[in-house]
There are 2 protein chains.
Amino acid sequence: MRDGVPGFATLRDVARHAGVSLATADRVVNRRGGASARSTARVEAAVAALDFRPDPRAADLSRKRLTRLGLVVPRGENPFFSDIAREARCAAADLGGRRVLVEVVETDIFSPRALALELVALGERMEGLAVVGFDHPLVAEAVDALEAKGVAVVTLVSDVPRSARRRYIGIDNRAAGRVAGSLVGRFLGRGGGRVGVLVASLGLTDHLERLAGFRDTIAGRFPAVEIADVLEGRDERGVTRAKVSALLAGGAIDAIYNAGAANAGVADALGEAGAATIFVGHELTQETRPLILSGVMDAAIVQSAGHEARSALRLLLAELTGAAVVEDQERIRIEILMADNLPG
Amino acid sequence: MRDGVPGFATLRDVARHAGVSLATADRVVNRRGGASARSTARVEAAVAALDFRPDPRAADLSRKRLTRLGLVVPRGENPFFSDIAREARCAAADLGGRRVLVEVVETDIFSPRALALELVALGERMEGLAVVGFDHPLVAEAVDALEAKGVAVVTLVSDVPRSARRRYIGIDNRAAGRVAGSLVGRFLGRGGGRVGVLVASLGLTDHLERLAGFRDTIAGRFPAVEIADVLEGRDERGVTRAKVSALLAGGAIDAIYNAGAANAGVADALGEAGAATIFVGHELTQETRPLILSGVMDAAIVQSAGHEARSALRLLLAELTGAAVVEDQERIRIEILMADNLPG
DNA sequence: CTGTTAGCGCCTTCAG
DNA sequence: CTGAAGGCGCTAACAG
C-alpha cells in the first residue's frame, strides 16, 4: 500500500522502489530469467514491501502471444460430454477474451493407445490441454511427456492418477459413490434389498471410485442391502439395456445404481420389466431430465458441466500465466438432484 | 471477424468502419449520449457488421472512476452471513481488481425501518448495493428510491419481491422447501410421522417460501406425514431451543425441518430430549458441520456463500459497466449435503 | 455534436 | 544483463 489511497502498487512503483527499470522488474516478477542476483533481490524486496500484486487484466491486455488450449473428450453417445464441449466453447469466448483459442477434440477414450497418440499430437500445437482421463500407463506416459516439454495438462472428470498432470478437475468420485450408497440405503428403508451396480468400464478411474465409495457405505451402514452384481455397460444404451435386463431376469432386484452414463439403457430395461425399482444415477442431461421428472430415476448425482468446463480453462490459463486461483470457486461440487430441485 | 485471423474487432475498427472517431464510436457503443442520429446509425451498423464485443479488461483498465459497492447483511449470530461477508471481502480483491471498493455493512434486518434508513444512507456514497432483503413496504420503498436515483440494487439470499431491485441472487427457496419435504418424507418412510417446522420470522421471504414448498410436497406426496406446528425462532439459539423443547414435550415428534438458521438451538433441544428425530436444516457452517458429520442432522440443504458473494459483486459490476453475464455461472444451486458428501 | 490526446498497468521488442 | 519505447483496447479530459 502507498500514497494514493485506493490505489495498489504497480510494477512501475516496484521498479522505482528497487531502483531498476520497468523491464527488469518485470523480468524478476515473472521469473523470465536474465536479471542479476542483486537486481533480483532488490525487486523481490520491493514486491514484499509494497505488497505488489500484478493486475491480471493489464497483463492479459498487453500479452500479444495467443494461447492455444485443447479439450479432449470421449467420442460416443454420452450426452454429458456434449454438454462439456458446448460449455467449453462458450466459456472460451469471455474467459480469455481474445488471445485464447480453444479447440475441442473428440477421441476414442477407451483405447489408451489412441488417446495417448492423440495427446502427443495435440501437444505439438497447444500450450495447455484438459483431458478426460483413462487410467492406463500409456496415457500417463503421454501426459508425462507433454508436461516434460512444457505443455500444461489437467485432467477433467476422470483422473489419470499416476501422471504428472497439474491437477484434477472434477468431483470426489469416492464421495459421490458414498452418497449414492446412502440414498439407495435410505430409499430402500429398513428392509434393505438387492442392488445392481453399473459402470462403463473398470478402467475409468471415476467409475471405479464411485463403486468403491458405494461399497463402503453399503457395507458399513446398510447391512440389509446386498450388492447383487457389478455390470460393465461401456456407456452404451444397447449393451446396458441387455445386461440390466438379464440381471433383472435373474432374480429380484430392488435397486439399481448406475455409476456410468447409460441411464437410458437402464430405464429401457426397467420399463420392460415393469418393476418398481429404486434407480439412482449420475448427471443431468437431456437424457436424464425426463427420467428424473417422471420418477423413473429417484435421484441423480450431478456435476455441473458448465462449471467444469470453465474451471478447466480458467485453471489452464492460470497455470500458463501465473494468475491467481480462487480455490473455493474451482471446487467441483457434488449435487444431489431429485424431481423437486431440478433446475430450469 | 476481420483480417487478422484470431483477432477480434476493436472499437478502433468500428470507428474506422463507420467513418467516425474513436470517441464517437465509444459514445454510441456505451450510450453516453451526444451523438447525432447519423453517427449513431453508422456506428451501430459497424458494430453489427464486425461483430464487435468490447473487451472488458481494457475497459476496466482504463476506467478511472472507482466504483463503490455495498453489501448489507443482517447483524446477529447467523454464521452463514459471516461467511458471506468474508467471501465478499476476498472476492472484492480480484473481481474488480483495483478500482472497486466493497464495504460490508451489518444491520438489524428484522427492523424494516432501520434497514430502509440504512439503505438510503448507503445510497449516498455507493453506486451499487447487494442487500439481504426483508419483505416489507418500507424496504421496498427504499430500494425503489435507490434505483430511482441510479443506484443499482440486487437482493441476496432473501428477496424483496415487490421492489425495483435489478435481480435476486439466491436459491429457489420454494424448491428448497420441496427438497426438504422429499427428504423428510423419504427418511420417515412408509409409516410417516409428525414433523415440526421452524422459521426465523414469517417476514423473511426465503423462509416463507421454503415453508410453502415443504407444505406442497408433504401434502402432495406424503399423506402419512403431518405438520405438527410452525415455530418462529428469530434465528436465535436460545429462543429456538426453548420453542423446540416445548414442542417435543407436547407430543411425539418424528422429524424437524428447520427452514431457518438456528440449527444449534434445534440440536440443543433434540439432545436434551434424547429422541431419535429426523432433522433436516439449511446451510453448511461451522455450526452445522459437526451436526451433519455426527448424524444429528440427517441432511442439510445448502447454498454456497462464496458463490453468492461472488455473484452479487460480479452482477452489480456488470449492471454498472454493462459487462456480459454468463447466466449459467450465476445460477445459485441448491445442494443437498449429507455426511457422505461434506466437502473438505 | 465531434475529434484529439493522454493515459490505465503490463508485456515485448529492440538497442545498449 | 539492462533500459527505453511502443503498444494492447478502452475511457475520459479537453479542445474544437
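This one's a predicted model, so the numbers in the text were calculated from it and none came from an experiment.
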Chemist: Which of residues 27-37 of chain B sit near DNA chain C, with a heavy atom under 4.0 Å from it?
Modeler: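 Close to the strand are R27(B), G34(B), A35(B), S36(B).
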Chemist: Calculate the interatomic distance between D13(A) atom CG and dG9(C) atom P; express it in whole Å.
Modeler: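 After rounding, the reported distance stands at 8 Å.
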Chemist: Any salt bridge (charged side-chain N to carboxylate O under 4.0 Å, His left out) involving residues 34-46 of chain B? Give me the pairs, sequence neighbours left out, ordered by first then second residue.
Modeler: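 As it turns out, there is no salt bridge (charged side-chain N to carboxylate O under 4.0 Å, His left out) pair with a partner in residues 34-46 of chain B once direct neighbours are skipped.
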Chemist: For the pair made of CZ in R16(B) and P in dG3(C), what is the distance, rounded to whole Å?
Modeler: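 To the nearest whole Å, that distance equals 14 Å.
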Chemist: R63(B) has a side chain; which of dT11(D), dT12(C), dC10(C) sits nearest to it?
Modeler: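 That would be dT11(D).
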Chemist: On DNA chain D, does the nearest nucleotide to G19(A) precede the nearest nucleotide to L22(B) from the 5' side, or the other way round? Give the residue.
Modeler: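 Result of the comparison: G19(A).
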Chemist: Can you tell me the distance, in whole Å, between the CZ atom of R12(A) and the P atom of dG3(D)?
Modeler: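 Rounding to the nearest Å, CZ of R12(A) and P of dG3(D) are 14 Å apart.
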Chemist: Partners of A23(B) by side chain to side chain contact (heavy atoms under 4.5 Å, CB included), sequence neighbours excluded?
Modeler: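 With neighbours one apart ignored, the set is S21(B), R27(B).
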Chemist: What pair of heavy atoms forms the shortest contact from V20(B) to A25(B), and how long is it?
Modeler: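 Closest approach of V20(B) to A25(B), heavy atoms only: CG2-N, 4.0 Å.
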Chemist: Go nucleotide by nucleotide along DNA chain C from the 5' end; which of S21(B) and A58(B) gets its closest nucleotide reached first?
Modeler: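 Looking at the nearest nucleotide for each, S21(B) comes out on the 5' side.
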Chemist: So which nucleotide from dG9(D), dT4(C), dT12(C) ends up closest to the side chain of A23(B)?
Modeler: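 Minimum distance to the A23(B) side chain belongs to dT4(C).
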Chemist: Taking only side-chain nitrogens and oxygens of S39(B), does any of them come within less than 4.0 Å of OP1 or OP2 of dT2(C)?
Modeler: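 So the side chain of S39(B) is within the cut-off, an N or O lying under 4.0 Å from OP1 or OP2 of dT2(C).
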Chemist: From the set dG9(D), dC10(C), dT12(C), return the single nucleotide nearest to any side-chain atom of D55(A).
Modeler: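 So the side chain of D55(A) is nearest to dC10(C).
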Chemist: For D26(A) and dT12(C), give me the distance from atom CG to atom C1', rounded to whole Å.
Modeler: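 Those two atoms, CG and C1', are 8 Å apart.
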Chemist: Calculate the interatomic distance between D60(A) atom CG and dC10(D) atom C1'; express it in whole Å.
Modeler: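 Distance, rounded to whole Å: 15 Å.
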Chemist: Looking at residues at least two apart in the chain, or sitting in another chain, which of them share a side chain to side chain donor-acceptor pair (under 3.5 Å) with T40(B)?
Modeler: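 Listed in chain order: nothing, the list is empty.
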Chemist: Decide yes or no for L129(A) and L69(A): does some side-chain heavy atom of the first lie under 4.5 Å from some side-chain heavy atom of the second?
Modeler: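 No. Closest side-chain heavy atoms not under 4.5 Å.
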Chemist: By side chain to side chain donor-acceptor pair (under 3.5 Å), which residues pair with D172(A), not counting sequence neighbours?
Modeler: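 Counting only residues at least two positions away or on another chain, D172(A) forms no side chain to side chain donor-acceptor pair (under 3.5 Å).
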Chemist: Based on the rotation axes of five pairs at each end, what angle does the helix from dC1(C)-dG16(D) to dG16(C)-dC1(D) bend through, to 10°?
Modeler: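 So the angle between the two local helix axes works out to 40°.
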Chemist: Among the candidates dT2(C), dG9(C), dC10(C), find the nucleotide nearest to the side-chain atoms of L61(A).
Modeler: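 When the side chain of L61(A) is considered, dG9(C) is the closest of dT2(C), dG9(C), dC10(C).
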Chemist: Mind checking what makes side chain to side chain donor-acceptor pair (under 3.5 Å) contact with N30(B), not counting sequence neighbours?
Modeler: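 Partners of N30(B) under the side chain to side chain donor-acceptor pair (under 3.5 Å) test: D26(B).
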Chemist: How would you list all residue pairs meeting side-chain hydrogen bond (donor to acceptor under 3.5 Å, both in side chains) that involve residues 153-163 of chain A, not counting sequence neighbours?
Modeler: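 Pairs touching residues 153-163 of chain A that pass the test: D135(A)-R162(A), T155(A)-D159(A), S158(A)-D206(A), D159(A)-R165(A).
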Chemist: Does any donor-acceptor pair link the side chain of S62(A) with the base of dC8(D) at a separation under 3.5 Å?
Modeler: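 Check fails, no donor-acceptor contact within cut-off.
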Chemist: Determine, stepwise, if the pair E330(A) / R314(A) fulfils salt bridge (charged side-chain N to carboxylate O under 4.0 Å, His left out).
Modeler: CA-CA 9 Å; E330(A) 309 305 352; R314(A) 211 156 35 203; 2.9 Å; yes
Chemist: Take atom CZ of R53(A) and atom C1' of dC10(C), then tell me their distance rounded to the nearest Å.
Modeler: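 Checked: the CZ to C1' distance equals 17 Å.
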Chemist: Starting at atom CZ of R57(B), determine the distance to atom P of dC10(D), rounded to an integer number of angstrom.
Modeler: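 So the two atoms are 10 Å apart, to the nearest Å.
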Chemist: Verify the contact: side-chain N or O of T24(A) to OP1 or OP2 of dG3(D), cut-off strictly under 4.0 Å; return yes or no.
Modeler: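 Yes, because at least one side-chain N or O of T24(A) sits under 4.0 Å from OP1 or OP2 of dG3(D).
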Chemist: List for me each residue that meets side chain to side chain donor-acceptor pair (under 3.5 Å) alongside S82(A), sequence neighbours excluded, and say none if there are none.
Modeler: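 Listed in chain order: nothing, the list is empty.
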